[in-house]
Amino acid sequence: MTGVPMVLAEKVSKNFGSNRVLRGISLQVDPGEVLCMVGPSGSGKSTFLRCINHLERVDGGRLSVNGQLVGYRQKGDKLYELKLKEAAFQRQDIGMVFQRFNLFPHLTAVENITLAPMRVKKQSRTAATARAMELLERVGLEDKGDAYPTRLSGGQQQRVAIARALAMDPKLMLFDEPTSALDPELVGEVLDVMKGLAKSGMTMIVVTHEMGFAREVADTLVFMDEGVVVEAGPPRQVLSDPQHDRTKAFLSKVL
């Protein structure tokens with residue numbers, strides 16, 4: 001692919017106190033690509049995702065989305081952090097789906113989906129609701145528009161959360177272990193929606209433990225450990241012929 005990368009990370013570092021969580025992450029995701037990140041708990045995968053939409057600020061290096069610095073503006077040689085409102089505006093183009101569904105319990109599925117488009121994009125209720133119903137149909141929940149989260153299974157709630165993220169028409173979707181809080185029999189319905197998104201050309205970064213999904217859908221598989229990218233490449237190659245001992249040890253436990 002030519003042109004501007006959708007995500008460009010250049011030596012990104014992040015510390016929590018004395019704990020170095022990210023140690024110089026450099027990677028690139030082009031428009032329409034799917035990148036899956038795997039690795040043990042605590043390796044920095046989720047923190048990296050949160051840095052991409054400035055839910056966490058980086059301590060070193062640079063992160064750009066669609067050619068724009070994330071959370072900062074550059075003047076001369078210096079970077080200046082954006083104000084909260086500016087960072088939130090920038091975040092509109094990035095959809096994020098978390099482990100926990102984070103739906104508002106007092107709102108129906110449709111109301112959860114329409115809230116941000118109406119408040120942030122100033123869409124009319126009619127337009128936002130029509131779009132919400134389209135998205136619910138896309139995730140296979142067209143009959144659940146009036147249901148409150150407590151009346152939905154975990155898999156259904158996660159699909160509503162995906163629809164909610166899509167309602168802002170993001171250029172990039174981030175998934176932080178979206179199936180790890182689900183009962184095993186509900187995982188497939190969420191992965192099917194994500195496969196459909198990938199086929200439609202959505203740029204996606206997915207932190208996951210679902211190796212079958214990564215093998216089938218990802219263009220690039222990244223193995224992270226202790227805050228660094230240990231190995232990256234086409235998923236079939238990394239999964240069947242890992243080059244690093246650390247990757248081999250990890251995959252021997254999960255495959």
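Values reported hereafter were calculated over all heavy atoms of this structure, with side chains retained and with hydrogens, waters and symmetry mates removed.
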Taking every heavy atom of A232 against every heavy atom of V238, the minimum-distance pair comes out as C-CG2, 4.1 Å
Quiz: residues 210-222 side-chain donor-acceptor pairs under 3.5 angstrom, not counting sequence neighbours:
from, atom 1, to, atom 2, distance (Å)
E210, OE2, T179, OG1, 3.4
E216, OE1, K195, NZ, 3.3
D219, OD2, V34, N, 2.8

Grouping I, L, V, M, F, W and Y whenever their side-chain heavy atoms are under 4.5 Å apart, do L166 and I52 come out in a common cluster? no
Within-4.5 Å side-chain heavy-atom neighbours: F101 and Q156: no
Across all chains, not counting sequence neighbours, the salt bridge (charged side-chain N to carboxylate O under 4.0 Å, His left out) partners of D176 are none
Tell me whether L84 at atom CG has more than 12 heavy atoms from other residues, nucleotides or ligands lying less than 6.0 Å away. no
Separation between CD1 (I94) and CE (M6), nearest 0.5 Å, reads 9.5 Å
In short, salt bridge (charged side-chain N to carboxylate O under 4.0 Å, His left out) pairs touching residues 152-168 with sequence neighbours left out are R159-E189
Test side-chain contact (heavy atoms from CB on, under 4.5 Å) on R23 and K14; report intermediate values, then the result. CA-CA 7 Å; R23 302 166 180 249; K14 173 67 186 173; over 6 Å; no
Contacts of F89 meeting side-chain contact (heavy atoms from CB on, under 4.5 Å) (sequence neighbours excluded), chain-then-number -> Q92
Would you say Q157 and L103 make side-chain contact, with heavy atoms under 4.5 Å?
yes
*Under a 4.5 Å cut-off applied to non-hydrogen side-chain atoms, are K45 and E177 in contact?*
yes
For R131, the side-chain contact (heavy atoms from CB on, under 4.5 Å) test, sequence neighbours excluded, returns E134, L135, D169
Here the gap from M96 atom CE to L174 atom CG, rounded to the nearest 0.5 Å, amounts to 5.5 Å
### Task
Go through the steps for S180 and Q99 under the test side chain to side chain donor-acceptor pair (under 3.5 Å), then give the verdict.
CA-CA 6 Å; S180 62; Q99 234 174 327; 2.8 Å; yes
Heavy-atom closest pair (D225 atom, P40 atom, distance to 0.1 Å) is OD1-CG, 3.2 Å
So OG of S46 and CD of E56: to nearest 0.5 Å the spacing works out to 10.5 Å
Fill in: Full working for side-chain contact (heavy atoms from CB on, under 4.5 Å) between R50 and F48
CA-CA 5 Å; R50 292 173 67 83; F48 179 67; over 6 Å; no
Please table the atom pairs, donor to acceptor, closer than 3.5 Å between any side-chain atom in residues 116-126 and protein atoms at least two apart or in another chain.
from, atom 1, to, atom 2, distance (Å)
K121, NZ, M168, O, 3.0
K122, NZ, R119, O, 3.0
S124, OG, A127, N, 3.0

Pair T203-E33, side-chain donor/acceptor within less than 3.5 Å:
no
The single option from V187, L182, D183 that satisfies side chain to side chain contact (heavy atoms under 4.5 Å, CB included) with E185 is D183
Main-chain N/O of T108 paired with N112 side-chain donor or acceptor, under 3.5 Å = yes
Practice task
Report yes or no: does Q90 contribute a side-chain atom to a donor-acceptor pair with the main-chain N or O of A87 at less than 3.5 Å?
Solution key: no
side-chain contact (heavy atoms from CB on, under 4.5 Å) filter on E81, not counting sequence neighbours, yields H54, R57, Y72
Taken in chain and number order and not counting sequence neighbours, the residues that satisfy side-chain contact (heavy atoms from CB on, under 4.5 Å) with S240 are none
Taken to the nearest 0.5 Å, the spacing of L172 CG from N66 CG works out to 9.0 Å
Closest heavy-atom pair, V97 versus P178, reported as atoms and distance to 0.1 Å, is CG1-CB, 4.3 Å
Whether the side chain of E86 engages the backbone of K83 through a donor-acceptor N/O pair (distance < 3.5 Å, no angle test) should be reported. yes
Regarding S26 and E10, is there a side-chain donor-to-acceptor distance under 3.5 Å anywhere? no
| message | Would a single hydrophobic cluster contain both L55 and L22, if residues Ile, Leu, Val, Met, Phe, Trp and Tyr are joined by side-chain heavy-atom contacts under 4.5 Å? | response | yes
### Query
Taking side chain as C-beta onward, heavy atoms only, is L35 less than 4.5 Å from M37?
yes
Practice problem: Would you check if P5 and D30 make a side-chain contact, meaning some heavy-atom pair closer than 4.5 Å? | Solution: yes
Interatomic distance, CG@L79 vs CG@L69, rounded to 0.5 Å, equals 6.0 Å
Joining Ile, Leu, Val, Met, Phe, Trp and Tyr whenever any side-chain heavy atoms lie under 4.5 Å apart, the cluster holding L107 also takes in F104, L115
So the ring-ring contact (aromatic ring centres under 6.0 Å, His included) pairs with at least one residue in residues 235-255 (sequence neighbours excluded) are F223-F250
Between S64 and G67 the two heavy atoms that sit nearest each other are CB-C, 4.4 Å
The salt bridge (charged side-chain N to carboxylate O under 4.0 Å, His left out) partners of E226 (sequence neighbours excluded) come to none
Task: V207-V38 co-clustered via ILVMFWY side chain contacts under 4.5 Å - done: no
Check your understanding: Same cluster or not: are F175 and V7 linked, directly or through other Ile, Leu, Val, Met, Phe, Trp or Tyr residues, by side-chain heavy atoms under 4.5 angstrom apart?
Key -> no
Please tabulate, for the side chains in residues 140-152, all donor-acceptor contacts under 3.5 angstrom to protein atoms that are two or more places apart in sequence or on a different chain.
none

Smallest heavy-atom separation, V70 atom then C51 atom, equals CG1-O, 3.7 Å
d(M194 CE, M202 CE) to nearest 0.5 Å is 11.5 Å
Is any side-chain heavy atom of L239 less than 4.5 Å from a side-chain heavy atom of L255? yes
**Prompt:** For the hydrophobic clusters of this structure (ILVMFWY residues joined by side-chain heavy atoms under 4.5 Å, transitively), does one cluster hold both V58 and L8?
**Reply:** no
